[in-house]
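By convention in this document, chain letters (A, B, ...) are assigned in the order of the sequence lines, proteins followed by strands, and residues within each chain are numbered from 1.
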Amino acid sequence: MAKNLLIVESPAKAKTIEKILGGDFEVKSCYGHIRDLEKDDMGIDLNNNYTPRYMVPEDKEKVVKELKSLAKKADEVWLASDEDREGESISWHLAEVLGLDPVNTKRIVFHEITAPAIKKAVASPRRINMDLVNAQQARRVLDRLVGFELSPVLWRKIGMQRSLSAGRVQSVAVRLIAEREREINAFKSESSYKVEAFFSAKDINSKSVTFKADGPAKISSQQTALQFLESCKGAAYKVADIQVKPAKRTPAAPFTTSTLQQEASRKLGYSVSKTMLLAQKLYESGQITYMRTDSVNLSDTAMGDIRNEITQSYGNNYYQSRQYKNKNESAQEAHEAIRPTYMNAHTVDDQDTRRLYELIWKRTIASQMSDAEFEKTIAKISISTNKDQLSATGEVMKFDGFLKVYLEGKDEEDEEDTDGMLPPLTVSQTLDFTKMTATEKFTRPAPRYTEASLVKKMEELGIGRPSTYAPTISTIMKRNYVEKRDKEGVKRDVNILELTKKDEVKKEVIQENTGAEKSKLFPTDLGLVVTDFLKQHFQKVMDYNFTAKIEEEFDEIAGGKLKWNNMIDGFYKPFHSNIEVTLETAERAKGERELGVDAASGKKVIARMGRYGPMVQIGHQDDEEKPRFAKLKASQSIETISYDEAMELFKLPRMLGEFEGSDVSVNIGRFGPYAAHDKKFYSLNKEMDPYSVTLEEIAPMIAEKRQAKDERTIKVFEKEKIQVLKGPYGPYIKQGLRNYKLSKEQQERAAELTIEEVKAIIEELKANPPKKVARKKKAK
DNA sequence: CAGTGAGCGAGCTTCCGCTTGACTT
């Protein structure tokens, strides 16, 4: 029986550490936090210095019970949760729950799971640091206060859907996306002209090659560009000057959670949650270090392994030892960077995780490799008819260094193509002119966020932590504040002027696609309305620097210079009175926008948020005649819909005429476009457009769908509104929205079931619902 | 499943950070 019980947060870590420490130690995990604030009354005693009321959540009862019994048997309990604010707090909660003496209990920390680090930690235990614990309590209490007081304000003042929410992190994340969208909508693209000249010259093999030289600075108008080309007619071109400069590129730091998510998104197209899922798998199978980290540090053991790998595979000149500094101020560095556990494993067997593993391996290796070296050549070219000069740049790699294994990706595909090679040139050499073009270029707005670029921005602002980036993104999508989707681009004309070899100036117009987006984050109308409301009434919490400011105060608490309850009091007093004023005085937020006046009725047309989503309306509620309403299409937004687009929406419902003696109409409902006929509804086929579909197209569809439905129906009890239907799992009963499963025996004689029998089955299943609910009861 | 465009009324929703599993008609 082990004499010592050592508790860490993660079970995978527990296994490894037990192997390192051996017989005297039993190592167990507590699976993260074991207590949280109660939900009733926010779990905070507002009248008593914000004293928190903690409880063990249902899903942690089992772990706590097990740890309690093990702790009782052990001679000594060691608390080895992570060395950061949350980790310190976990240790304290463990001490409280397990009844350990906080003054005598041994607390140890390590930043890497290696034998020397663990052994050193065990040799020098400390005590729980209550200042750090208090900083965590302040963080926890503040987040609860903000979330649980703001959210109900939204329920009252916006409504729309249940489960609206607001919080220190999520609301600012939505704000970023909302403001970016508006920037893009307001963006006015400006055009300018870029001059490029093409020459041919002999390369080292005396083969003729074409190269490019850029013209003088951007030209703002087509006329000036034209004048420039005209001025070059009949010119001779000569190399006026050549400069050769060395250049170098350095590798990126090893992966943190945030940079791993970014690179997996750029290079592998993974969503943030997919990356984390795969990384978790790699971590659990012992192939990489912990994947939720903000540290760029590598352990000494790892540094040695990396050195061996590089020198063996590529040679000594490819190795350069580097220590990376964290650029991120909010980093708490409780772990290592994300790296392979064993550097000599270049890949893994598992198909799913292989690409991510190889990415991690390459990045880790590259981080300790030499710079890539280049030689950059800039040639100035004079124009005989003109005092302006052209410049041609070429880049030649002299030494590949880390580029042999890895190059970090970019968020935006660069419009500027990278410098290519130049043929050998000499000063005063005359050049063979091919053509000169002036191409219209357009300024572009900042790009919409991807999941990964949002994480990058959040990290810069210090909002959220490695463990919460992925969950925060799914929260704001689940709340319907933000959606991830594609957007089709629009065509636009691009003017190109060309001066040919024969000294003719030609003009050409080509079309390019602009504004197309793939898998980007768009705010919904709800997201915009909620953000505007919060910005208007809760400026302080919505400030991009709010988290950074309170983090400074948390640091003061951690340093013992500030009492946590005082800090909370300073925040809460004004915050809460702001909540009360807002509840009392703020109007319901509807995001209303006037689009124009309806020519037919002379009434105003407005777009706004309705009870059931974004909509347009003609007329006002107080008018004698009821207003007309129409729902916006999924691709439309209150903010951008035009008057004409709005009027188009009022063309539904359309009456198409009679089929088999009953009217047929089409409309768009909750579940998309449908046709109504004889009191029944039929979803339109995908290719049918409700605005233009004809009776001739719809009639056969109705007949077909009706038949399919009939075939599924075994029996109908009209009066009771109960049906016996055939589903993919065999016959079942349907009453209203609910389905009821039949037993094997009942399924076999489904067609003979009487109404009494059916009612009895429903009663029975309502009284004794299968599994799912029964399980929950047990848990309680 | 295909309405609606509100709030005396009943009751419900919600935060951020730590960690993994076990749900299917």
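Distances from the side chain of A/Asp84 to the nucleotides B/dG5, B/dC18, B/dT14 place B/dC18 closest.
Between the C1' atom of B/dC16 and the CZ atom of A/Arg479 lies a distance of 13 Å, rounded to the nearest Å. If you measure from atom CG of A/Leu277 to atom C1' of B/dA22, you get 14 Å, rounded to the nearest angstrom. Summarising the geometry, the separation between CZ on A/Arg35 and P on B/dT19 is reported as 19 Å, rounded to the nearest angstrom. A/Phe629 places its CZ atom 20 Å from the P atom of B/dA2, with the value rounded to the nearest Å. For A/Leu79 and B/dC18, the CG to C1' distance is 15 Å, given to the nearest whole Å. Distance, A/Tyr674 OH to B/dA2 C1': 5 Å, rounded to whole Å. The distance between atom NZ of A/Lys13 and atom C1' of B/dT19, rounded to the nearest whole Å, is 10 Å.
Between A/Val169 and A/Arg292, the one whose closest nucleotide on DNA chain B sits nearer the 5' end is A/Val169.
For the OP1/OP2 pair of B/dC16 and a distance below 4.0 Å, the side-chain nitrogens and oxygens of A/Thr468 include no atom meeting the criterion. Dashed line: the shortest gap from a side-chain N or O of A/Tyr290 to OP1 or OP2 of B/dT19 is under 4.0 Å. Side-chain N/O atoms of A/Arg168 include one lying less than 4.0 angstrom from OP1 or OP2 on B/dG17. Distances shorter than 4.0 Å separate some side-chain N or O of A/Ser467 from OP1 or OP2 on B/dC18.
Under 4.0 Å is where a charged nitrogen must lie from a carboxylate oxygen, and between A/Lys13 and A/Asp82 at least one such pair does. A salt bridge is defined here as a Lys NZ or Arg NE, NH1 or NH2 lying under 4.0 Å from an Asp or Glu carboxylate O, and A/Glu551 with A/Arg139 fails to meet this definition.
At a cut-off of 3.5 angstrom, counting only N and O atoms as typed in the model, there is no donor on one side facing an acceptor on the other between the side-chain of A/Arg144 and the base of B/dC16.
Stacking of A/Tyr31 onto the six-membered ring of B/dC18 is not present when judged by under 5.5 angstrom between centres and under 30° between planes. Residue ring and nucleobase are stacked for A/Trp155 and B/dT13, with a centre distance beneath 5.5 angstrom and an angle between planes beneath 30°.
In summary, the aromatic rings of A/Tyr572 and A/Tyr50 are positioned with their centroids under 6.0 Å apart.
Taking the six-membered ring for Trp and thresholds of 30 and 60 degrees, A/Trp92 and A/Tyr54 have ring planes more than 60 degrees apart, a perpendicular arrangement. Ring geometry for A/Phe538 against A/Phe533 counts as tilted: the plane angle lies between 30° and 60°, on a 0 to 90° scale.
B/dG11 sits 14 Å from B/dG7 when the C1' atoms are compared, rounded to a whole Å.
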